[in-house]
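Taking it in order: structure first as structure tokens, then the write-up.
Fair warning: this is a prediction, and the values are worked out from it, not measured in the lab.
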Amino acid sequence: MVKVSKYVLVIHEDSLMNESVFEVHSEQPFSGISVGVYLSHQIDAAWINPPKGNNEKFVISEIEQSFPYDSNFKTQQTNIVVKKVAYKF
């Protein structure tokens, strides 16, 4: 039996120890995720302390890859941590 690949992106605010605020599943890998990239807080997530106005943004501060066991899928999970930072245009 061939296992289908499954990709999971999980976002945490401030720490991996905090509950996730957003999770999305895909059959295609996620690209363009790296530390230092700004992340829009406009996605429908349960933010704890979202950026306010145009002077703050979230930036990716940590990335953790895991491969949880799933008998039906080949799963790759990407956990990212975002932190609020000052931002200037």
With heavy-atom distances below 4.5 Å as the criterion, would you say the side chains of [X] and [Y] are in contact?
{"X": "I33", "Y": "I63", "answer": "yes"}
{"X": "K84", "Y": "K57", "answer": "no"}
{"X": "E13", "Y": "N49", "answer": "yes"}
{"X": "H25", "Y": "K6", "answer": "yes"}
{"X": "N79", "Y": "H12", "answer": "yes"}
{"X": "S20", "Y": "I11", "answer": "no"}
{"X": "L16", "Y": "E64", "answer": "yes"}

Can you get from [X] to [Y] by hopping between Ile, Leu, Val, Met, Phe, Trp and Tyr side chains that sit under 4.5 Å apart?
{"X": "F30", "Y": "V82", "answer": "yes"}
{"X": "V8", "Y": "F73", "answer": "no"}
{"X": "F22", "Y": "I80", "answer": "yes"}

P50 versus E56, closest heavy-atom pair with distance: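 Reported closest heavy-atom pair: O-OE1, 4.5 Å.
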Check: W47 ring centroid to F58 ring centroid under 6.0 Å: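 Centroid distance W47-F58: below 6.0 Å, so yes.
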When rounded to the nearest 0.5 angstrom, what is the spacing between [atom1] in [X] and [atom2] in [Y]?
{"X": "K74", "Y": "Y69", "atom1": "NZ", "atom2": "OH", "answer": "14.0 Å"}
{"X": "Q76", "Y": "Y7", "atom1": "CD", "atom2": "OH", "answer": "6.0 Å"}
{"X": "E62", "Y": "D14", "atom1": "CD", "atom2": "CG", "answer": "10.0 Å"}
{"X": "L9", "Y": "T78", "atom1": "CG", "atom2": "OG1", "answer": "6.5 Å"}
{"X": "I60", "Y": "L39", "atom1": "CD1", "atom2": "CG", "answer": "5.5 Å"}

Candidate pair V37 and V59, rule side-chain contact (heavy atoms from CB on, under 4.5 Å), full reasoning: CA-CA 6 Å; V37 171; V59 68; 6.0 Å; no
Mutual orientation of the aromatic rings belonging to Y38 and Y87 [parallel < 30°, tilted 30-60°, perpendicular > 60°]: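 Taking Y87 first and then Y38, their aromatic rings stand perpendicular (interplane angle over 60°).
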Neighbour count above 12 (heavy atom, 6.0 Å) for Q65 CD: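 Correct, the count exceeds 12.
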Under 3.5 Å donor-acceptor, S66 side chain and P68 backbone: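 The answer is no, because no donor-acceptor pair under 3.5 Å joins these two groups.
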